[in-house]
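Okay, structure first, notes after.
Below, all heavy atoms of this structure are taken into account, side chains as well, without hydrogens, waters or symmetry copies.
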Amino acid sequence: EKNNMAENVWETGVAKIQAHRDGPQRCDALNTVCDKLGIGAVLSKEDVAKVFEAIGLVLTPQELDALYAKASKKEGVTLPELSWLYFKAGARGTKRPKGQSGSDAQETHKKFAAVPEAARQNPAFEAYYRRQNIVPEAQFPAFLEALRTPLAATVRINKSHPMWRQALQFFESHESFWPVPFVPDNLSWQMNSTVFSNDQVLKDQCTLFSRAGVATFQEAASSVPPLLLDAKPSDLILDLCAAPGSKSLQILDGMLAKAGSKTTCDGLLLCNEIDHQKVTQILTGRLRVLGFPGTMVTKSSAANLTAFLENITTEDGSPGFKQVLFDKVQADVPCSGDGTLRKDPTAWQTWDSTYGQNLHITQLKILSKGLNSLKVGGTLVYSTCALDPIQNEAVVLAALNKAKGGVRLEPIALPGLNVQQGLTTWSVRNATSPDEPYTTFDQVPPKLCHPKGKLRATMFPEQGEAEYRPTLTRCVRVVPTVGGKDWQHATDTGGFFVAKFTRIGHFGVPNIGDGGTVGGAEGPATASMSKRPTARDWRKEFKLRGGPPEWQDVAQFYGISPEHIDPGCVIAQYSTPISRDDVPDERRNRHLLILSKAATRVFNSTVTRPGASALVSAGIKLFVPFRGGFAKHLHCRWRPEESGADVLASVATRRKLRVSKSTMLALIQGLESEPKPLALSDLGDFDATSCQRPDGSLEPGGAVVGLLEPVCCASHASHVWVPVHVSSTNLVLFADSTRRRWLHWSLTTACPE
């Protein structure tokens, strides 16, 4: 049986794993494990870790869950050990819990139905947190009771979307929803998860809202960090651990809502994530729904994220470089996730306090990286969905001591949110005598201290300067409690921890290659060009050289002036790395994208760790090439991309058709199937002046189609732009079924008065 398993794993998985950027070394490790299985050897913890790390590169989270369930029944590794390896592999503990979706709320309902109430408890969990005093003893039974109840389904409205008022009207009129009190403007709404999972019509409507970008499923406590960050339109913002992206989307929504439009928002949101599947399949898709040119996504370890160095001229006139620092940083770090028991009751039985000890140093490294990436006067929000002070207060206190006065903690206040202030005393679990925990590092036996053991001085409250410890009360821990319907309106959330930092001085010397003080005590981050780190290009398949060669023809065809889109902010994205000179440009599947000026600064920068960081996406896709032989007969072989149609309509003076509402509805016909071409003779009233040749005929090629007049208000019509191909006889629509269903709903739904 072991032989067969080894052969099946190797033969069916090696090709996919080998193709991954981290695959070759994983395959070598997996081969060693398979050899052990072949001779009947029992796997060690390290062996199982190698299997999970290799297979985890190509499996979905659901497949990894199934693999874990099977492996947990095998002999040779205890369940706690295997659970820790599962965390290490990224299936649960080394990532933030998934952002809620319609299916998440349904899964929560199913999981609670499958886990009896008697199994929703863990004596070790209760003893550990009662000893830590994270809530007063009188409230502790209510706290435990709340953790055993399902989490409400929560939907947050994106105020920057033109249809946000219609979505707000929808939730206000639905009797089963109630507003989250600490989220301003009633932008977040909750509903009993059992009721939600049993209402298919409601689930479909909320899912449509989410896919169209007008709203997103987001647990209520998860919205706290972006609210505290308070992003401004001109801010440079770094999200260190961004996936699955609900907080990133909330930050972006705040920037755009305050700016008023995408073209007047001149900031940057740089999102980083290490998990390949989440960064490519979830994060980029979530950001795409709001279509902002100032977004960038990188794949990197947050603790080892590269520094971005831009060219400058030093005081003596010589060329040099300077690190790009950020106005705001969000650090929602990997954690044990025991604050999410209301979403996943199966975690009651796998909980172990050692998870927090294993993650503590990683969390501290990420927080330190974030603080060093801040401008003086900038804000960082640190958060976890864990209750453990080892992952929360201990990390914050260690960062304060490391900064040596360079940062300070800020008070946090959100009316309507039930919180407990941060702890100033806590203990560290004694594995040999759980009832006698360590309260100081001096009590820990040498064999358990780092590097021989896992316990460190930074895990204890008695560390560093005494002046920083009292300020920990400025942190907050969101704790769910039970109090009937009135309480539901106050704090139906999971467990969460938040700390808000302000950088007030220079400190630290991060590694930027051979020289240059970045954010150090000496002042701003500058160095001479002679010390610039030599680095290969980190942008992979992206290319910017003063604008792609086709851009001049594209801009002329669509009537785009340099005042509206700077050619220096246009980039080409290829299907293969730009280093592949053997593949001609015309054979590559690529897009033309636009960046904001702030994003262009970062894009043009040199990085200090190119091998550890890779650019995954940037800006918004504005144009894609036509496919097929007919494209060679067109004056311009580039057509508008669906995600950038509204931005193109706001800057282009040509290739814009306007049609009536009835014609638009006819164009998006067949909501579940591929749309059929619409004959020009069936357009009715339309304005195609900007698509005509001098002789009055329509010039074939790409275009965007909008409404002749607003359905009921200007903002309602501003998003109703779809990409098409204009031929001599018809219009061909380029929009997926989700976009068409959303357009149909928005065109047939009146604005609230």
Side-chain angles (χ1 to χ4, degrees), residues 160 231-239 242 245 248-249 251-252 255-256 259 261-272 279 283-300 306 308-311 324-328 537-552 554-555 558 560-574 577-578 590-607 613-624 638 640-652:
S160 62
K232 302 295 191 300
S234 60
D235 283 341
L236 303 185
I237 302 176
L238 171 63
D239 192 346
S248 304
L249 192 62
I251 292 172
L252 179 57
M255 296 172 68
L256 295 176
S261 72
K262 298 174 183 178
T263 54
T264 58
C265 185
D266 56 357
L268 165 71
L269 175 59
L270 175 60
C271 299
N272 178 71
V279 78
L283 181 58
T284 54
R286 281 207 164 180
L287 295 176
R288 191 180 299 124
V289 297
L290 291 184
F292 174 50
T295 56
M296 300 181 73
V297 178
T298 57
K299 178 179 179 291
S300 172
T306 182
F308 300 95
L309 310 176
E310 58 180 341
N311 297 331
V324 177
L325 297 176
F326 296 87
D327 299 287
K328 308 283 175 64
D537 201 332
W538 63 289
R539 290 162 292 202
K540 301 297 181 183
E541 68 269 21
F542 297 88
K543 184 176 182 180
L544 173 61
R545 298 291 184 272
E550 305 92 339
W551 178 248
Q552 185 174 353
V554 173
Y558 287 92
I560 303 172
S561 68
E563 289 76 21
H564 288 118
I565 295 182
D566 184 345
C569 295
V570 180
I571 64 175
Q573 180 180 9
Y574 296 81
I578 59 176
R590 56 176 175 158
H591 302 82
L592 295 181
L593 307 93
I594 59 169
L595 305 180
S596 68
K597 291 185 177 180
T600 304
R601 282 178 56 199
V602 175
F603 185 90
N604 284 329
S605 64
T606 297
V607 299
S613 302
L615 183 63
V616 177
S617 71
I620 58 173
K621 295 177 181 177
L622 207 58
F623 295 102
V624 294
W638 295 88
E641 163 67 25
E642 181 182 350
S643 60
D646 58 336
V647 173
L648 177 61
S650 68
V651 298

What pairs of residues pass the salt bridge (Lys or Arg N to Asp or Glu O under 4.0 Å) test when at least one of them lies in residues 591-601, not counting sequence neighbours? E310-R601

Distance, nearest 0.5 Å, that separates OG1 of T295 from CE of M255: 9.5 Å

Please list, chain by chain and in numerical order, all residues satisfying side-chain contact (heavy atoms from CB on, under 4.5 Å) with I620, sequence neighbours excluded. P293, I594, V647

Distance (rounded to the nearest 0.5 Å) between N272 CG and K299 NZ: 9.5 Å

Among all residues two or more places apart in sequence or in another chain, which pass the side-chain hydrogen bond (donor to acceptor under 3.5 Å, both in side chains) test with S160? D253

Calculate, to the nearest 0.5 Å, the distance between atoms CE and CG belonging to M296 and L269 respectively. 11.0 Å

Roughly how far, to the nearest 0.5 Å, is the CG atom of L283 from the SG atom of C271? 5.5 Å

Please find the pair of heavy atoms, one from L287 and one from S248, that lie closest to each other, and give the distance. CD2-CB, 4.0 Å

Check for a donor-acceptor pair, side chain of D235 on one end and backbone N or O of D327 on the other, with a separation under 3.5 Å. no

Listed partners of S561 passing side-chain contact (heavy atoms from CB on, under 4.5 Å), at least two apart: E563, H564

Calculate, to the nearest 0.5 Å, the distance between atoms CD1 and CG belonging to I560 and L622 respectively. 6.0 Å

Of all the heavy-atom pairs spanning W638 and Y558, show the shortest one and how long it is. O-OH, 2.7 Å

Looking only at heavy atoms, the pair that brings C265 and F292 closest together is O-CE1, 3.4 Å

Partners passing side-chain contact (heavy atoms from CB on, under 4.5 Å) against A598 (at least two apart in sequence or in another chain): L236, L268, S596

Please report the interatomic distance CD1(I571) to CG(L595), rounded to the nearest 0.5 Å. 4.0 Å

For the residue pair F308 and F326, categorise the inter-ring angle as parallel (less than 30°), tilted (30 to 60°) or perpendicular (more than 60°). perpendicular

Suppose we screen for side-chain contact (heavy atoms from CB on, under 4.5 Å). Which residues come up paired with T284, at least two apart in sequence or across chains? R288, V297, V616, S617

